[in-house]
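These notes are about the structure you will find just below.
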Amino acid sequence: ESRKQWSTAKKFTQKALRLTELNSYPDGRYRWEWQLGRVLTQQGQKNEAIQVYQAAVKTLDSVRADLRFFNAEVQFSFRDNVEPVYRELVTLLVSIDEDMPEPRQENLAQAIEQIDKLQLSELENFLQCSLAQTTAINQFEADTNTAILYPMILDDRLIVILQLSDGQRKFSAVRIPHAEVETTLQQLRSDLSATNRTPKVIKTAKTVYQWLIEPFESELQAQSQIDTLVFVLDGALRNIPMAVLHDGEGYLIEKYAIAIAPELELFTPSPLPADLKVFTGGVGTPQEIEGLSFSEIKKLDEELQEVSKLVGSQPPVINQEFNRATLQEQLGMGSFSGIHIKTHGVFSSDPDATFIVAHGELLRGQQLGDLIQAASLQGDTPIELLVLSSCSTATGDDRAVLGLAGIAVQSGARSTLSTLWDAQDEPNTQLMIRFYQELKEEPGLTRAQALQRAQLALKNEIGYLAPHIWATYVLVGNWL
């Protein structure tokens with residue numbers, strides 16, 4: 001193959017595939033199916049290549065559980081040995097030529113299926129566990145007010161598939177090298193997380209808007225009932241709050257409520273219960289733990305007391321009381337449908353580097369997930385809403401949002417609200433209080449709409465105009 005001897009490569013690879021059948025070697029089989037797919041692609045046999053790539057993905061589905069538990073010396077590299085199979089298959093499914101200037105609807109449906117599987121594989125790789133009992137978002141009866149966008153960064157282009165509630169799928173592709181997409185997104189993220197860079201943010205946010213939204217403006221405008229956009233994000237796009245995309249006149253958040261979904265849910269998305277009961281707690285005192293310094297959070301009491309008044313069922317657990325033993329006791333005894341935690345924390349694609357700060361200790365992802373799950377098991381309903389106030393994602397980690405998604409999946413929480421970079425204490429407290437006020441004052445309002453209203457209030461009413469302040473918030477998971 002490396003010598004471009006395609007016919008001989010095809011013959012040898014087919015022979016290798018026969019040997020995997022004889023010797024029952026599935027964790028090698030996907031590699032030869034993948035290789036045969038590459039060879040067939042080079043020979044211009046697109047349909048045959050798609051079939052072989054699909055076989056490789058099917059084999060991967062069957063062996064992923066075994067591959068996950070290999071020791072470090074033999075465990076496969078996820079990015080090198082799994083991701084490309086899905087990405088190359090998607091590339092084939094959406095490729096166009098003179099005979100087919102637009103991808104077929106069935107090909108777009110298959111491409112979405114492969115994006116689903118890649119998202120699932122990434123989360124399984126992050127959590128080191130099987131998520132076989134999940135429900136894909138596009139398998140439930142979609143809210144007619146919601147459109148779902150699937151962007152994917154391929155080697156030589158950025159593709160976007162728009163799925164409307166009536167089943168229509170629209171496709172767009174921008175010819176642009178992968179490296180240029182990454183550089184643009186890194187620059188936008190850098191400008192967003194720094195103060196006094198609003199003009200630079202708007203300039204770059206226009207570019208990303210042109211990639212993701214502009215090709216579908218007419219379709220979205222034609223369906224005027226659509227008020228929510230759900231993004232199934234890929235790669236470095238996860239580090240960008242979609243709310244900040246700019247059409248030259250205004251931000252996307254001014255048109256739509258917005259949510260992020262790894263293309264799966266442990267539970268079919270459903271509306272919040274009318275009587276939302278939220279556990280509140282956190283740490284505001286400065287601490288040094290495991291060589292890391294955490295500054296004071298001055299607005300801790302103000303935020304937690306007000307949230308507790310609005311939707312709480314007991315006084316907040318704060319500072320010295322906010323430790324693992326107390327949390328285990330309180331969450332295990334209560335019947336909560338929401339958890340609101342205000343403390344420092346970091347979310348990373350490395351599970352060991354994902355944590356929140358308790359009093360005198362760090363609660364890592366699995367520990368936090370277990371605590372939240374205990375609360376869910378004790379109550380009549382699962383945890384509908386997990387809010388992690390004053391946390392942020394790891395700098396420079398283009399998969400840090402996996403940490404947020406991972407916490408939700410580990411704990412069984414239907415949705416998680418947090419921030420991509422450090423939020424300023426005063427506006428953060430105002431936004432959080434406004435978020436719960438919106439939910440309480442208008443029964444039936446979705447989580448995404450409540451966050452949209454809170455962000456717009458922070459920007460337009462309170463006067464925090466810089467996207468650095470209002471755009472950091474992301475809702476991951478169930479948006480209803």
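The main-chain N or O of W421 is found under 3.5 Å from a side-chain atom of T472 such that the two form a donor-acceptor pair. With hydrogens and angles disregarded, no donor-acceptor distance shorter than 3.5 Å links the side chain of R157 to the backbone of I176. Between the side chain of T419 and the backbone N or O of D422 there is no donor-acceptor pair closer than 3.5 Å. A distance-only check finds a donor-acceptor pair linking the side chain of S415 to the backbone of E384 [under 3.5 Å]. Judged by distance alone, with hydrogens and angles left aside, the side-chain atoms of R447 form a donor-acceptor pair with the main-chain N or O of L480 at under 3.5 Å.
Taking the six-membered ring where the residue is Trp, F336 and F279 present perpendicular rings, their angle passing 60° and hence far from 30°.
With a 4.5 Å cut-off on side-chain heavy atoms, L158 and V160 count as touching. Residues L237 and L212 meet the side-chain proximity criterion, which asks for heavy atoms closer than 4.5 Å. The side-chain heavy atoms of V401 and L420, taken from C-beta on, include a pair separated by under 4.5 Å. For the pair Q168/Q223, a side-chain contact is recorded, criterion being any heavy-atom separation below 4.5 Å from C-beta on. Taking 4.5 Å as the limit, every side-chain heavy atom of Q163 sits out of range of all side-chain heavy atoms of K170. Side chains of L386 and I372 form a contact here, defined as non-hydrogen atoms less than 4.5 Å apart. Side chains of L363 and L327 form a contact here, defined as non-hydrogen atoms less than 4.5 Å apart. No side-chain heavy atom of F231 sits under 4.5 Å from any side-chain heavy atom of I240.
Checked for salt-bridge contact, D234 and R87 meet the test: a charged N lies under 4.0 Å from a carboxylate O. Salt bridge R38/E88: absent, no basic N to carboxylate O contact under 4.0 Å.
For the residue pair R3/T8, the side-chain donor-acceptor check at 3.5 Å is not satisfied. Checking K46 against T41 by side-chain atom types alone, no donor-acceptor pair falls below 3.5 Å. If you check the side chains of D116 and Y150, you find no donor sitting under 3.5 Å from an acceptor. Counted by atom type alone, N145 and T228 present zero donor-acceptor pairs between their side chains at under 3.5 Å. No side-chain N or O of Q225 forms a donor-acceptor pair with one of T144 less than 3.5 Å apart. Donor-acceptor pairing under 3.5 Å is lacking for the side chains of Q51 and N47. Between the side chains of Q221 and S218, no donor N or O sits under 3.5 Å from an acceptor N or O. Under 3.5 Å, the side chains of W479 and T146 contain a donor-acceptor pair of N or O atoms.
In terms of heavy-atom proximity, A471 sits nearest to Q455 at CA-NE2, 3.9 Å. Residues V201 and P467 share a closest heavy-atom pair of CG1-CG, 3.9 Å. Of all non-hydrogen atoms in I159 and A173, the two that sit nearest each other are CG2-CB, 4.1 Å. For the residue pair G28 and T20, the shortest heavy atom distance occurs at C-CG2, 4.5 Å. Across E33 and A56, no two heavy atoms sit closer than the pair OE1-CA, 3.2 Å. For the pair T354 and G403, the tightest heavy-atom approach, listed with the atom from each and the gap, is OG1-CA, 4.2 Å.
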Verdict with reasoning, T393 to R238, per side chain to side chain donor-acceptor pair (under 3.5 Å) | CA-CA 10 Å; T393 54; R238 295 178 183 137; over 6 Å; no
Under the side chain to side chain contact (heavy atoms under 4.5 Å, CB included) criterion, do T91 and D155 qualify, and how do the steps go?
-> CA-CA 9 Å; T91 302; D155 283 343; over 6 Å; no
Residue pair R169, L162: steps toward the side chain to side chain contact (heavy atoms under 4.5 Å, CB included) verdict | CA-CA 5 Å; R169 300 179 191 90; L162 169 69; over 6 Å; no
Any chance you could lay out the side chain to side chain donor-acceptor pair (under 3.5 Å) test for Q35 and T13, step after step, and finish with the verdict?
-> CA-CA 7 Å; Q35 180 165 293; T13 308; 2.9 Å; yes
Decide side chain to side chain donor-acceptor pair (under 3.5 Å) for Q42 and E1; before the verdict, give the C-alpha distance in whole Å, the side-chain angles of both, and the deciding distance to 0.1 Å.
-> CA-CA 10 Å; Q42 292 294 336; E1 182 194 13; over 6 Å; no
For W211 and V181, run side chain to side chain contact (heavy atoms under 4.5 Å, CB included): C-alpha distance rounded to whole Å, both residues' side-chain angles, the deciding distance at 0.1 Å, then the answer.
-> CA-CA 10 Å; W211 293 344; V181 174; 4.0 Å; yes
Kindly indicate, with the supporting measurements, whether the criterion salt bridge (charged side-chain N to carboxylate O under 4.0 Å, His left out) is fulfilled by R364 and D350.
-> CA-CA 11 Å; R364 311 222 179 255; D350 176 0; over 6 Å; no
Could you walk me through whether H468 and T198 pass the side chain to side chain contact (heavy atoms under 4.5 Å, CB included) test, one step at a time?
-> CA-CA 8 Å; H468 165 72; T198 300; over 6 Å; no
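Under a cut-off of 6.0 angstrom, the local environment of CG in D370 is crowded, with over 12 non-hydrogen atoms contributed by other residues, nucleotides or ligands. Around the CZ atom of F12, the shell of radius 6.0 Å holds no more than 12 heavy atoms that belong to other residues, nucleotides or ligands.
For the ring pair (Phe, Tyr, Trp, His ring centres under 6.0 Å) condition, no pair includes a residue of residues 392-417, sequence neighbours left out.
Considering CD1 of I356 and CG of L362, their distance stands at 9.5 Å, rounded to 0.5 Å. Taking OG of S172 as the reference point, atom CD of E214 lies at 9.5 Å (rounded to 0.5 Å). Considering CG of N478 and CG of L385, their distance stands at 9.5 Å, rounded to 0.5 Å. Taking CH2 of W6 as the reference point, atom CD of Q43 lies at 8.5 Å (rounded to 0.5 Å). Once rounded to the nearest 0.5 Å, the distance linking CG of L60 with CZ of R31 reads 9.0 Å. Here the straight-line distance linking atom CD of Q186 with atom OG1 of T204 works out to 12.5 Å at 0.5 Å rounding.
Applying side-chain hydrogen bond (donor to acceptor under 3.5 Å, both in side chains) to Q187 and the options T183, T184, D191 leaves one that passes, D191. If you run side-chain contact (heavy atoms from CB on, under 4.5 Å) between V357 and each of I341, L292, T343, only T343 comes through.
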Please tabulate, for the side chains in residues 242-257, all donor-acceptor contacts under 3.5 angstrom to protein atoms that are two or more places apart in sequence or on a different chain.
residue: H246; atom: ND1; partner: G248; partner atom: N; Å: 2.9
residue: D247; atom: OD1; partner: E249; partner atom: N; Å: 2.7
residue: D247; atom: OD1; partner: G250; partner atom: N; Å: 2.8
residue: D247; atom: OD2; partner: K255; partner atom: NZ; Å: 2.9
residue: E254; atom: OE1; partner: Y251; partner atom: N; Å: 2.7
residue: E254; atom: OE2; partner: K459; partner atom: NZ; Å: 3.0
residue: K255; atom: NZ; partner: Y209; partner atom: OH; Å: 3.2

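A cation-pi arrangement is absent between R29 and W32 under the rule of less than 6.0 angstrom and at most 45 degrees off the ring axis.
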